Engineer: 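Dumping the structure here so I can ask a few things about it.
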Protein chains: 2
Amino acid sequence: MFMNSNYPAESRALIAVDCIIFGFDEHEEVLKVLLIKRDMTPHKGDWSLMGGFLGIDETVDDAASRVLHTLTGLDNIYMEQLHVFSEVARDPVERTISVAYIALININDHDQKLIQQYSARWFTLEDKPDLIFDHDEMFNLGLSRLQHRVSTKPIGFELLPEKFTMRQLQKLYEEILATDLDKRNFSKKINSLEILEKLDEKDKRSSRKGSYLFKFDEEKYKEKSRQGFHFKI
Amino acid sequence: MFMNSNYPAESRALIAVDCIIFGFDEHEEVLKVLLIKRDMTPHKGDWSLMGGFLGIDETVDDAASRVLHTLTGLDNIYMEQLHVFSEVARDPVERTISVAYIALININDHDQKLIQQYSARWFTLEDKPDLIFDHDEMFNLGLSRLQHRVSTKPIGFELLPEKFTMRQLQKLYEEILATDLDKRNFSKKINSLEILEKLDEKDKRSSRKGSYLFKFDEEKYKEKSRQGFHFKI
DNA sequence: TCAAAAGTGTTCACCGTACACCCATGG
DNA sequence: CCATGGGTGTACGGTGAACACTTTTGA
């Protein structure tokens with residue numbers, strides 16, 4: 001550090017990242033959030049978002065990726081910077097500013113052992129307990145962002161397995177947007193976007209007839225985006 | 001500080017805010033950005049966004065407000081957190097992470113003396129010089145955000161005087177969105193929103209006939225928003 | 001009376017939405 | 001053969017986009 005620079009010494013503060021991790025439970029067909037039970041004071045034993053401190057050689061994105069990897073064992077998780085939280089007394093121990101992230105993962109993909117190790121648990125939005133510090137505020141903002149993002153970018157697929165049925169996709173949107181959708185209009189809309197590949201394979205678990213499986217075709221989406229296409233649901 | 005807390009010492013870094021200040025020049029009918037000539041090394045004499053460091057008793061919003069007040073003499077400026085920039089080497093002097101803001105001001109309102117004192121200048125987007133550090137990246141992201149925001153929130157009025165003509169409003173949108181708009185469709189759309197008050201007064205400077213002045217009716221907008229109305233242009 | 005900007009209405013294509021019946025299959 | 005979920009088409013109203021002429025008035 002250059003302590004004799006004309007940069008002020010009093011501006012240094014701890015920098016943290018906190019992640020709002022969303023997952024979709026295919027079985028229960030509900031949106032869930034992954035929370036951890038805090039193992040340090042203050043608020044030991046209370047629920048909080050998964051977080052961590054910024055390392056000296058990391059960007060905040062790096063730090064968020066690391067935090068996500070630590071808890072889930074996964075890499076290349078979809079995530080997005082949400083907002084900086086910086087109330088002076090938000091962390092009672094020491095002045096800390098936190099950069100909140102939202103992250104989307106496939107709920108069946110991650111490492112169960114790590115989750116246990118961190119005393120983490122998936123909560124439906126209804127069962128979500130109150131969180132420490134300003135984490136509830138982060139969560140609420142994160143949910144709004146997710147609702148907005150999912151209507152304008154094809155990120156919903158991050159929450160589903162690679163192959164999914166039209167019904168699963170619709171339920172996902174209904175859960176996130178907290179509305180009911182008409183299945184005829186929904187599949188018409190989705191198909192008109194031309195960014196899904198309809199497979200020959202069927203998922204026979206849900207009905208006798210079986211329902212076709214689809215895959216998100218990222219290449220097709222990118223190509224269409226280059227040509228001015230905008231995803232919109 | 002509690003240095004014997006289990007919070008890591010290495011995470012402390014300088015925290016800055018940088019403001020992308022937009023203004024609309026009514027006379028030239030162009031969008032401009034306010035830049036300052038840097039008076040300290042490194043890059044002394046080069047152009048940059050107006051910035052400052054986070055004070056120990058401030059939120060980042062407070063810091064951005066302070067920075068904006070310092071340069072313009074104005075309070076209650078519309079501003080919005082944009083993004084955190086945290087590349088490890090983004091500031092060559094010392095590890096600094098910066099929270100970028102966009103701000104909208106009426107270009108005729110602010111304090112000319114302060115602008116001179118800081119060697120600040122308004123630039124059209126065409127004339128904008130290259131900026132120091134990662135400020136160009138901030139600027140580009142800020143412009144995208146402005147383009148998006150102005151279509152979904154009634155913030156364009158922040159850039160105009162209290163009373164404005166339909167033509168000024170249209171030119172403002174054309175400038176920000178970098179498109180041409182049809183004046184019949186534009187005024188139809190705006191009027192259908194029912195958030196402007198048409199005054200009896202006319203602005204006679206622009207033509208012999210004179211054009212009606214309008215005011216943004218914030219109360220009406222808030223009332224409609226409460227009832228589920230969404231601004232959209 | 002003319003130049004210059006202001007103001008205004010109609011048509012058409014497309015999209016979003018509402019709505020109900022037949023299909024395929026395993027038990 | 002029947003119960004269960006899967007899959008599909010049509011009609012209508014509303015919105016966005018294209019487009020041109022008349023009005024006002026100061027010089």
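As the structure is a computational prediction, the values presented were derived from the model and not from experiment. Every chain is numbered from 1 and lettered A, B, ... according to where its sequence line falls, protein lines coming before strand lines. For the numbers below, each heavy atom of this structure counts, side chains included, while hydrogens, waters and symmetry mates do not.
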Engineer: Over how many whole Å does the gap from A:I190 atom CD1 to C:dG16 atom P extend?
Structural biologist: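 A:I190 atom CD1 is separated from C:dG16 atom P by 12 Å.
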Engineer: Can the ring centres of B:F157 and B:F164 be said to be less than 6.0 Å apart?
Structural biologist: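 Centroid distance B:F157-B:F164: below 6.0 Å, so yes.
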Engineer: Rounded to whole Å, how long is the line connecting atom CD of B:Q170 with atom C1' of C:dA5?
Structural biologist: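 It works out to 13 Å between those atoms.
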Engineer: Can you confirm whether the side chains of B:D62 and B:S65 place a donor and an acceptor under 3.5 Å from each other?
Structural biologist: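 No donor-acceptor contact under 3.5 Å links the two side chains.
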Engineer: Return the orientation label for the B:H148 and A:H148 ring planes: parallel under 30°, perpendicular over 60°, tilted otherwise.
Structural biologist: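 Ring orientation of B:H148 relative to A:H148: perpendicular.
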Engineer: How close or far is atom P of D:dG5 from atom CD of A:E29, stated in whole angstroms?
Structural biologist: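 After rounding, the gap between these two atoms is 11 Å.
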Engineer: On the 0 to 90° scale, with breaks at 30° and 60°, tag the A:Y221-A:F229 ring pair as parallel, tilted or perpendicular.
Structural biologist: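 Rings of A:Y221 and A:F229: perpendicular, over 60°.
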Engineer: Evaluate the side-chain contact (heavy atoms from CB on, under 4.5 Å) criterion for residues A:T72 and A:I115: first the C-alpha distance (whole Å), next the side-chain angles of each, then the deciding distance (0.1 Å), finally the verdict.
Structural biologist: CA-CA 7 Å; A:T72 65; A:I115 292 254; 5.6 Å; no
Engineer: Measure the distance from CG on A:D203 to P on C:dT25 and round it to the nearest whole Å.
Structural biologist: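 The distance from CG of A:D203 to P of C:dT25 comes to 15 Å, rounded to the nearest Å.
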Engineer: How many whole angstroms separate atom CG of A:N191 from atom P of D:dT8?
Structural biologist: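 To the nearest whole Å, that distance equals 8 Å.
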Engineer: Counting heavy atoms from C-beta on, name the nucleotide in D:dG7, C:dC19, D:dC19 closest to the side chain of B:N185.
Structural biologist: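 Minimum distance to the B:N185 side chain belongs to D:dC19.
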Engineer: Among C:dA18, C:dA6, C:dG9, which is the nearest nucleotide to the side chain of B:K188?
Structural biologist: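 Out of C:dA18, C:dA6, C:dG9, the nucleotide with an atom closest to B:K188's side chain is C:dG9.
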Engineer: Between C:dA5, C:dG9, D:dA27, which one does the side chain of B:R208 approach most closely?
Structural biologist: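 Closest of the options to the side chain of B:R208: D:dA27.
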Engineer: Please give, in whole Å, the distance from C:dA6 C1' to B:F186 CZ?
Structural biologist: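 Checked: the CZ to C1' distance equals 15 Å.
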Engineer: So if I take every side-chain heavy atom of A:K183 and compare against C:dA20, C:dA6, C:dT25, which nucleotide ends up nearest?
Structural biologist: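 So the nucleotide nearest the side chain must be C:dA20.
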Engineer: Nearest whole angstrom, please: distance from the C1' of C:dA5 to the CZ of B:R184.
Structural biologist: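 Those two atoms, CZ and C1', are 14 Å apart.
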Engineer: Between B:K209 and D:dG26, is there a side-chain N or O to OP1/OP2 distance below 4.0 Å?
Structural biologist: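 For D:dG26, neither OP1 nor OP2 has a side-chain N or O of B:K209 closer than 4.0 Å.
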Engineer: Given C:dT25, C:dA6, C:dA18, which nucleotide is nearest the side-chain atoms of B:R167?
Structural biologist: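 Among C:dT25, C:dA6, C:dA18, the one nearest the side chain of B:R167 is C:dA6.
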Engineer: Roughly how many Å is it from CZ in B:R205 to P in D:dG26, rounded to a whole number?
Structural biologist: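 Checked: the CZ to P distance equals 16 Å.
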Engineer: Taking for each residue the nucleotide of DNA chain D bearing the nearest heavy atom, is the 5' side occupied by B:K189 or by A:Y212?
Structural biologist: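 The residue mapped nearer the 5' terminus is A:Y212.
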Engineer: Mapping A:D182 and B:S211 onto DNA chain C by nearest heavy atom, which one lands closer to the 5' end?
Structural biologist: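 Between the two, 5'-proximity favours B:S211.
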